[in-house]
Amino acid sequence: MKITLKGGVVKEFDNAVSVLDIAKSISEGLARNACAGLVNGEVKDLRYVVEEDAEVAICTFEDEAGKIAFRHTASHMLAQAVKRLYPEAKIAIGPAIADGFYYDFDREKAFTQEELEALEAEMKKIAKEDIAIERFELPRAEAIKYMEDRNEPYKVELIQDLPEDAVISFYKQGDFTDLCAGPHLMSTKTVKAIKLTSVAGAYWRGSEKNKMLSRIYGTAYPKASELEAYLNMIEEAKKRDHRKLGKELKLFALLDEGPGFPFFLPKGMVLKNTLLEYWRQIHKEAGYVEISTPIILNRELWYRSGHWEHYKDNMYTTIIDEEDYAVKPMNCPGGMLVYKQDMHSYRDLPMRVAEIGLVHRHEKSGALHGLMRVRCFNQDDAHIFMTEEQIKDEISGVISLIDGVYKLFGFKYHIELSTRPEDSMGSDEAWEIATNGLQNALDENGIEYTINEGDGAFYGPKIDFHLEDSIGRTWQCGTIQLDMQMPERFELEYTAADGTKKRPVMIHRVCFGSIERFIGILIEHFAGQFPVWLSPVQVKVLPISEKFADYANSVAAALDAEGIRVETDHRAEKIGYKIREARNERVPYIIVVGEKDQEANMVSLRSRKNGEEGQVALADFIVRIKEEIATKVLD
């Protein structure tokens with residue numbers, strides 16, 4: 001039997017072999033760190049026995065599949081701890097999630113912080129006990145009785161929803177057994193660094209009609225140092241929370257009168273408009289034209305685009321003149337109508353059309369989160385109409401544009417290629433052409449990427465850009481979607497070189513994504529300390545006393561005349577207090593003016609980067625800051 005490993009290395013085995021034994025055959029160190037395996041692309045338990053030729057990859061905690069197995073094991077350890085300390089609690093579900101895990105319990109009272117600490121201690125005890133984890137299966141009827149005998153009604157309900165002929169898998173660790181598909185580690189001993197982070201309410205199966213359960217969240221790592229680094233990052237993230245900083249810096253407001261509909265304040269609008277000015281500049285340089293399409297369009301349009309069938313639950317609808325209309329959740333259909341306003345030749349293509357469009361999407365109230373998840377936002381859409389031969393070059397151009405934007409802000413990023421979802425439209429052939437077009441562009445540009453099976457848009461595959469911010473968190477922002485469906489549905493045409501009519505291929509793409517969400521990410525990425533070019537206030541002028549108010553005003557006027565965003569603080573406060581206030585406002589430059597400054601026709605300069613810089617000539621400072629603004633330098 002031949003087992004093909006990463007890198008194409010082939011190992012031969014005489015008999016069937018477990019994933020764990022394959023890891024041991026590579027190295028004992030790998031086997032010690034192994035958490036799960038990928039067998040022919042499917043995540044499998046370390047216990048899984050390979051019986052025929054296969055491609056096998058061993059997953060450690062560094063791999064996503066390994067993290068899931070590791071933290072899923074941690075969630076079972078939490079449930080085991082709860083059953084030991086609070087045996088009356090009924091267990092529900094406990095999956096691994098991004099950065100951790102949770103488990104839902106039915107208990108008369110919510111868990112307290114003291115109880116979380118007791119559970120955490122019990123989990124560490126379970127880890128020290130080095131309990132072997134075993135997997136077994138039962139027929140459906142026996143599985144139901146097994147959980148009925150243990151008085152676990154939520155597990156019984158889950159099993160009852162499975163097909164009659166299903167074989168049900170369980171995982172047992174010492175005195176605790178749970179219904180589970182896996183995968184899990186071989187023992188509890190590896191899960192040493194554990195932290196239970198919070199408790200919240202959660203409806204059983206996410207339905208408000210069901211009982212409210214207690215959901216305990218936690219995280220786990222192989223090493224204490226890794227857990228400590230994560231907890232430090234969480235603390236830093238709290239300090240950077242864009243909702244807190246947005247209020248402190250007077251950028252935006254979230255009001256009860258409009259949940260999910262953010263209000264941008266004057267300084268927030270400066271930030272937003274500065275981003276959009278930059279966006280317009282780079283798009284003009286890249287050969288885009290800009291359009292604007294209506295916010296409300298009739299049902300027939302949304303039916304034609306496929307949104308009425310595939311996206312209606314997320315759309316706001318209204319009736320005008322006894323006809324159904326919808327507030328646009330996306331800009332694309334309007335862009336189709338703009339294309340159809342003229343006849344097009346192959347000589348017109350590629351046609352790059354951009355739009356900053358205000359869209360509205362219905363989000364559940366519980367999903368709303370500051371600027372990160374809202375009900376209305378501006379999307380920096382662009383639609384590129386092209387021939388099939390132009391696909392690779394146009395995608396390469398978009399990748400280059402997006403890469404430049406993210407580098408400007410100091411973001412690292414990784415790329416995912418998302419393929420056809422179950423709820424999709426169009427032929428297999430069209431999807432294959434579209435998917436190959438994206439993949440070929442990535443391959444020919446030498447760009448590393450991972451494949452995200454089944455997560456494409458309903459009309460086409462897509463490339464997603466996942467940013468990494470200054471404290472290591474990732475955010476999905478930019479996307480490139482190749483669409484051969486919508487041009488068909490809207491009967492878009494161009495005249496080919498031979499005079500025949502053909503359908504253009506279309507790219508949907510965003511760079512910032514949601515402008516509002518991107519601003520939220522920038523606030524947290526920079527902790528409110530925006531680069532000089534982006535700062536709502538670039539210079540704060542502080543007179544030491546009222547005697548120097550006129551000189552302060554003349555300094556501010558000189559800066560303003562050069563296009564520098566400046567404020568003057570004339571409050572009758574001590575200068576130390578005003579300096580602290582300006583620092584708290586994250587202003588890049590503070591100018592203090594007093595008697596010596598006025599006499600010398602100079603200014604005393606403080607910068608966010610260098611602190612106290614002493615007296616400088618105002619003209620020299622203007623040259624310096626204008627250079628920083630023009631080059632968009634990072635601090």
Side-chain angles (χ1 to χ4, degrees), residues 283 286-289 291 304-306 310 330-355 381-403 415-421 424-447 449 451-465 478-511:
H283 281 75
Y288 288 77
V289 294
I291 62 169
R304 206 185 331 164
S305 70
H310 294 273
M330 298 174 184
N331 297 307
C332 327
M336 305 302 101
L337 298 184
V338 169
Y339 181 90
K340 287 174 73 74
Q341 295 310 295
D342 281 312
M343 300 292 291
H344 298 286
S345 156
Y346 71 96
R347 294 186 182 90
D348 302 324
L349 305 182
M351 182 175 164
R352 306 182 188 110
V353 183
E355 177 177 15
D381 265 317
H383 299 102
I384 304 175
F385 304 92
M386 75 203 98
T387 66
E388 283 189 25
E389 294 76 23
Q390 292 169 332
I391 289 175
K392 179 172 67 70
D393 287 343
E394 287 305 302
I395 290 172
S396 296
V398 174
I399 290 172
S400 177
L401 185 144
I402 294 176
D403 175 74
I415 287 176
E416 287 183 358
L417 172 62
S418 298
T419 59
R420 186 176 189 173
S424 62
M425 61 186 191
S427 68
D428 292 344
E429 181 185 7
W431 273 88
E432 185 176 356
I433 291 171
T435 304
N436 289 342
L438 293 180
Q439 198 156 8
N440 290 340
L442 290 169
D443 290 340
E444 292 193 22
N445 281 283
I447 296 171
Y449 61 94
I451 293 179
N452 190 2
E453 295 286 354
D455 200 41
F458 66 83
Y459 48 75
K462 60 178 181 169
I463 294 170
D464 287 328
F465 292 76
T479 186
I480 306 171
Q481 302 171 358
L482 190 55
D483 187 354
M484 303 181 76
Q485 316 303 328
M486 212 167 283
E488 184 71 35
R489 293 175 81 99
F490 279 86
E491 299 178 341
L492 303 189
E493 291 182 338
Y494 71 92
T495 303
D498 61 3
T500 61
K501 297 293 185 182
K502 290 190 175 182
R503 295 267 185 259
V505 178
M506 187 176 74
I507 288 175
H508 307 251
R509 48 109 294 195
V510 296
C511 184

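Just so we're clear, the structure is a prediction, and the values are computed from it rather than from any experiment.
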Residues that [X] engages under side-chain hydrogen bond (donor to acceptor under 3.5 Å, both in side chains), provided they are two or more places apart:
X	answer
E491	none
D455	N452
D403	K407, Y413
N331	K328, D381

Next on the checklist: Please check this pair: side chain of T435 against backbone of W431, looking for a donor-acceptor N/O pair closer than 3.5 Å.
Outcome noted: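 Such a contact is found between T435 side chain and W431 backbone.
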Checklist entry - Looking at residues at least two apart in the chain, or sitting in another chain, which of them share a ring pair (Phe, Tyr, Trp, His ring centres under 6.0 Å) with H310? => result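 With neighbours one apart ignored, the set is F458.
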Next on the checklist: Taking salt bridge (Lys or Arg N to Asp or Glu O under 4.0 Å) as the cut-off, I'd like each qualifying pair that reaches into residues 383-392, sequence neighbours left out, listed once.
Outcome noted: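 Applying salt bridge (Lys or Arg N to Asp or Glu O under 4.0 Å) to every pair that reaches into residues 383-392, excluding sequence neighbours, yields K392-E444.
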Taking salt bridge (charged side-chain N to carboxylate O under 4.0 Å, His left out) as the test, write out the residues that go with [X], two or more places apart.
X	result
D428	R420
E416	none
D464	K462
E432	none

Checklist entry - Going through the distances and angles, do V338 and H383 end up as a side-chain contact (heavy atoms from CB on, under 4.5 Å)? => result CA-CA 11 Å; V338 169; H383 299 102; over 6 Å; no
Item to check | Summary of side-chain hydrogen bond (donor to acceptor under 3.5 Å, both in side chains) pairs that have at least one residue in residues 344-353, sequence neighbours excluded | outcome: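 For residues 344-353, and leaving out neighbouring residues, the side-chain hydrogen bond (donor to acceptor under 3.5 Å, both in side chains) pairs sorted by first residue read R352-E394.
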Checklist entry - Which residues satisfy the side chain to side chain contact (heavy atoms under 4.5 Å, CB included) test with A354, sequence neighbours excluded? => result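 A354 satisfies side chain to side chain contact (heavy atoms under 4.5 Å, CB included) with W279, H283, Y288, A382 once adjacent residues are dropped.
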